[in-house]
Amino acid sequence: MTTPTGSSSAPDPAPDSTEGSGAGPTADSAAASPASPASPGGRRSWLREHSELGVCVLLLVLGVLVLTDALTMDVDITQRGPVGPKTVPVVVGIGLLVVAALLAVDVLRGGRGEAEGGEDVDLSEPADWRTVLLLSGIFLGAAVLIEPAGFPVAGALLFWGAAFALGSRRVDRDPLIAAVLSLFTYVLFDKLLGVPLPGGPLMGVL
């Protein structure tokens, strides 16, 4: 008895060895894998995600400076009461160090600062370093000129320079407003509040 030829079935083809769970990583999965933290790209990404640590470093430096200045303060023991002039700077310096440590721990645990609802800062835009450098130079120039030129002159240059750095170009109005503000500040602190400010040669003329 012969077997019908039509009833014979061909064996199923063997499954592709590249398919299945045992196969190695594909190009897509390799591209999707994150960069190693030890690589330069990984370090930059980690620093960008933990940029709040810069604030921690700033608070730490300020706390150390305040404590150093307070502890090295020369205070006459006969003029020191129960709460001397070192007390408040020491408390402020310790508070800055504690806040820096707590903030660093929170950032390293994944905490992120959230922008306020009213902020309209576009974080995708680059920083305006020109304005920052102009303002820094103006503040340093005012600090240098305040002793030889006096506060009225240095303050006027400070107010006018800050307005110019921030975009105001009204040369017919800004110098006058800056001079009035500087003189008002000088009279308020030096004459009314008793806080001595250097008047400079201009006070001898006035």
Side-chain angles (χ1 to χ4, degrees), residues 40-41 43-70 88-89 92-93 95-97 99-100 102-104 106-107 111-206:
R43 286 194 296 268
R44 287 194 296 268
S45 177
W46 188 90
L47 290 174
R48 189 179 300 111
E49 293 175 357
H50 300 80
S51 58
E52 290 89 349
L53 291 175
V55 180
C56 304
V57 175
L58 178 61
L59 293 176
L60 177 64
V61 173
L62 288 177
V64 171
L65 289 176
V66 171
L67 280 178
T68 303
D69 189 48
V88 174
V92 172
L96 288 171
L97 296 180
V99 171
L102 294 177
L103 181 58
D106 180 68
V107 172
R112 296 295 301 273
E114 296 182 1
E116 297 182 2
E119 292 184 355
D120 56 353
V121 179
D122 188 2
L123 298 179
S124 63
E125 293 292 329
D128 189 1
W129 290 110
R130 178 179 177 274
T131 302
V132 174
L133 293 176
L134 279 175
L135 287 174
S136 301
I138 291 165
F139 276 102
L140 290 176
V144 172
L145 291 175
I146 190 171
E147 189 64 32
F151 181 84
V153 175
L157 294 176
L158 174 64
F159 293 140
W160 185 17
F164 182 85
L166 294 175
S168 179
R169 298 296 184 267
R170 295 293 302 272
V171 294
D172 58 336
R173 181 189 63 184
D174 293 343
L176 179 60
I177 296 177
V180 172
L181 285 176
S182 181
L183 286 174
F184 175 77
T185 305
Y186 174 79
V187 172
L188 176 64
F189 281 89
D190 189 80
K191 305 301 181 183
L192 298 180
L193 298 180
V195 179
L197 293 175
L202 184 61
M203 290 299 98
V205 176
L206 297 177

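In what follows, residues are counted from 1 in the order of the sequence shown. Quick note: numbers below take in every heavy atom, side chains included, and nothing from hydrogens, waters or symmetry partners.
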Report summary line: On a heavy-atom basis, the closest approach of L158 and A142 is CB-CB, 4.0 Å

Report task. Considering non-hydrogen atoms only, spot the tightest contact between A165 and L134 and give its length. Result -> CB-CB, 3.9 Å

Requested in this report: Please check if atom CZ in R130 has more than 12 non-hydrogen atoms from other residues, nucleotides or ligands closer than 6.0 Å.
Outcome: no

Report summary line: In terms of heavy-atom contacts, D174 and S168 come closest through OD2-OG, 2.5 Å

Report task. To the nearest 0.5 angstrom, please state how far the CG atom of L183 sits from the CG atom of D190. Result -> 12.0 Å

Query raised in the report: Closest approach of L197 and Y186, non-hydrogen atoms and distance?
Result: O-CE1, 3.5 Å

Query raised in the report: Is it true that a side-chain atom of T185 and a backbone atom of L181 form a donor plus acceptor pair closer than 3.5 Å?
Result: yes

Requested in this report: Enter the distance from L67:CG to L62:CG here, rounded to the nearest 0.5 Å.
Outcome: 11.0 Å

Query - pair L97-V64: side-chain heavy atoms closer than 4.5 Å - result: yes

**Report entry** R173 and its side-chain contact (heavy atoms from CB on, under 4.5 Å) partner, picked from L176, V171, I177
**Finding:** I177

**Report entry** Heavy-atom closest contact (P89 atom, A70 atom, distance)
**Finding:** CB-CB, 3.4 Å

Requested in this report: Please test L166 against T131 for side-chain contact (heavy atoms from CB on, under 4.5 Å), starting from the C-alpha separation and ending with a verdict.
Outcome: CA-CA 7 Å; L166 294 175; T131 302; 4.0 Å; yes

Report task. Check L59, L58, L53 against V55 for a side-chain contact (heavy atoms from CB on, under 4.5 Å) and give me the one that passes. Result -> L59

Query - Minimal non-hydrogen separation, A179 against A156, with atom names - result: CA-CB, 4.0 Å

